[in-house]
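Below: one structure, written as structure tokens.
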Number of protein chains: 2
Amino acid sequence: MNIGEASQASGVSAKMIRYYESIGLINAPVRTASNYRVYAEPDVHALKFVRRARDLGFTLDETARLLDLWRDRRRRSATVKAIALDHVTELERKVIEMQEMIRTLRHLAHNCHGDERPDCPILDDLTGNCAASNPPAPQHGVRKSRPSLPRRRQII
Amino acid sequence: MNIGEASQASGVSAKMIRYYESIGLINAPVRTASNYRVYAEPDVHALKFVRRARDLGFTLDETARLLDLWRDRRRRSATVKAIALDHVTELERKVIEMQEMIRTLRHLAHNCHGDERPDCPILDDLTGNCAASNPPAPQHGVRKSRPSLPRRRQII
DNA sequence: CCTTGACCTTCCCATCATGGGAATCCCTAT
DNA sequence: ATAGGGATTCCCATGATGGGAAGGTCAAGG
């Protein structure tokens, strides 16, 4: 099986298959005399595994650990579960962060006429007029005013 | 005001201030005879604007457009509102995507003993045994089984 | 047998926003 | 004068992915 066929079969682009090999995520396959990569069923299986893990939002690093566990017949399911739940925690953190952004933006947009006039509460908020910029915060103990996320990375 | 002071005052790192200048997001400030950047209040104000926009998840591109509108006294608030609501839509898309991951992972983890034994529904799911891998999908019209997101970028 | 087109190979570059660090220069206080 | 803390520029790294160039290979058809 060529890389193109393996790509088709696994749903992973050829580009990524080569990349995964280069970082040691998957094993380097055998090559033909003309240097073409040749894949077999187990390789495609591993690629599908990676694809699914990526779809579930696992990083390549976590995916590598999951792959190791997958291959280790004496693994402890507790280890796998811990990785998964850590990932869930991380996802939830991001969801909450984004929901807070959404809440603020919706509130600001709601108060914006959205017409020909230049007056705009959204720009007012960005300008620093935090006066009426934040809604009364719903139920949870969500931080009011500036999220003041401690210098965290952009959330895409 | 030095770049360090401007950084303190605005909450934007000196590194980022220089970067924002290099991509034309903010104006290049005047320099001292010894080539130090010198900032004044309006500059810090703009930096705070950028900071706040970033905190709300706007990309630098969107931030640039918002900055332009901010400076344009004849802007239409409708334009600002449209940018904000587009961004909200995008954030919501990502939130839903992540919530689907969370739902699936929680379900899988729930069915995993998490003990010494190697049997693990999480790995089973990644392996492709999609049999009992997806919960019955809650209320919303959320897509079942494979999210099959059309080759979308990683969600971190 | 040769051409054509579809594949494969490697290598470099770009994205997005940010940080790290080196080498060098400048300012201020002792 | 000297030490320290800042400033400057420049290069590199991140994570995951795509784009594309330059060149080698294979199979089918003329």
Side-chain angles (χ1 to χ4, degrees), chain A residues 1-26 28-39 47 50-65 67 87 90-91 94 97 101 149-156, chain B residues 1-26 28-39 47 50-65 67 87 90-91 94 97 101 149-156:
Chain A
M1 203 183 334
N2 271 346
I3 198 172
E5 297 166 276
S7 169
Q8 281 282 116
S10 65
V12 179
S13 74
K15 210 88 178 174
M16 278 304 103
I17 296 177
R18 293 193 196 98
Y19 175 65
Y20 292 162
E21 178 189 329
S22 84
I23 62 171
L25 181 66
I26 58 172
V30 285
R31 304 270 189 141
T32 65
S34 53
N35 209 27
Y36 281 23
R37 290 170 178 83
V38 178
Y39 297 93
L47 284 170
V50 172
R51 175 74 163 82
R52 175 75 176 142
R54 300 288 301 118
D55 279 349
L56 286 173
F58 287 106
T59 63
L60 284 185
D61 209 75
E62 290 165 331
T63 302
R65 276 185 281 150
L67 258 177
H87 179 47
E90 183 62 11
L91 285 172
K94 284 175 199 151
E97 208 171 347
M101 293 175 187
L149 310 170
R151 198 66 359 168
R152 199 177 293 114
R153 214 67 156 262
Q154 159 73 337
I155 291 313
I156 266 235
Chain B
M1 200 179 343
N2 272 345
I3 199 172
E5 298 166 274
S7 169
Q8 281 283 116
S10 65
V12 179
S13 75
K15 210 88 176 172
M16 277 305 102
I17 295 178
R18 292 194 196 97
Y19 174 64
Y20 293 161
E21 179 188 328
S22 83
I23 62 171
L25 182 65
I26 58 172
V30 286
R31 304 271 190 141
T32 66
S34 53
N35 209 27
Y36 280 24
R37 288 169 178 84
V38 179
Y39 297 93
L47 284 170
V50 172
R51 175 76 163 80
R52 176 73 177 141
R54 300 288 301 118
D55 280 349
L56 287 174
F58 288 106
T59 64
L60 285 185
D61 210 74
E62 290 164 331
T63 302
R65 274 184 284 151
L67 259 178
H87 180 46
E90 183 61 12
L91 285 172
K94 284 174 198 149
E97 207 170 349
M101 294 175 185
L149 311 169
R151 197 64 2 167
R152 201 178 290 115
R153 215 73 163 252
Q154 157 74 332
I155 289 316
I156 266 230

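Every value quoted in this text rests on a predicted model; they were computed, and no experiment measured them. The figures that follow rest on heavy atoms only: side chains count, while hydrogens, waters and symmetry mates do not. Chain naming here is simple, since letters A, B, ... match the order of the sequence lines and numbering starts at 1 in each.
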Given atom [atom1] of [X] and atom [atom2] of [N], what is their separation to the nearest angstrom?
| X | N | atom1 | atom2 | value |
| --- | --- | --- | --- | --- |
| A:R18 | C:dC7 | CZ | P | 13 Å |
| B:E5 | C:dC27 | CD | C1' | 12 Å |
| B:I17 | D:dG6 | CD1 | C1' | 14 Å |
| A:N35 | C:dC11 | CG | P | 11 Å |
| B:I23 | C:dA17 | CD1 | P | 7 Å |
| B:L47 | C:dT18 | CG | P | 12 Å |
| B:K15 | D:dC10 | NZ | C1' | 9 Å |
| A:Q8 | C:dC7 | CD | C1' | 13 Å |

Using 0.5 Å steps for rounding, measure from the [atom1] atom of [X] to the [atom2] atom of [Y].
| X | Y | atom1 | atom2 | value |
| --- | --- | --- | --- | --- |
| B:R18 | B:R37 | CZ | CZ | 5.5 Å |
| B:R52 | B:R54 | CZ | CZ | 13.0 Å |
| A:H87 | A:L56 | NE2 | CG | 6.5 Å |
| B:I17 | B:I26 | CD1 | CD1 | 6.5 Å |

Minimum-distance nucleotide (side-chain atoms of A:R54 versus D:dT25, D:dT17, D:dT8):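 The listed nucleotide nearest to A:R54's side chain is D:dT17.
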
If you count the non-hydrogen atoms of other residues, nucleotides and ligands that lie under 6.0 Å from CD in A:E5, is the total more than 12?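 Yes - once you tally the heavy atoms of other residues, nucleotides and ligands closer than 6.0 Å, there are more than 12.
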
Phosphate oxygens OP1/OP2 of [N]: is one of them under 4.0 Å from a side-chain N or O of [X]?
| X | N | value |
| --- | --- | --- |
| A:S13 | D:dG18 | yes |
| B:Y36 | C:dC25 | no |
| B:R31 | D:dT9 | yes |

If you assign A:M16 and A:T32 each to the DNA chain D nucleotide with the nearest heavy atom, which residue ends up on the more 5' nucleotide?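 Its nearest nucleotide lies further toward 5', so the answer is A:M16.
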
Upstream residue (5' side of DNA chain D) when A:L60 and B:S34 are each assigned their closest nucleotide: B:S34

Remember a base hit wins even if backbone is also touched, and classify B:R37 as base, sugar-phosphate or nothing at under 4.0 Å, heavy atoms.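 Touches sugar-phosphate only.
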
If you look at every strand shown and take non-hydrogen atoms under 4.0 Å, does B:D61 touch a base, only sugar-phosphate, or nothing? nothing

First of B:Y19 and A:Y39 reached from the 5' end of DNA chain C, by closest nucleotide: A:Y39

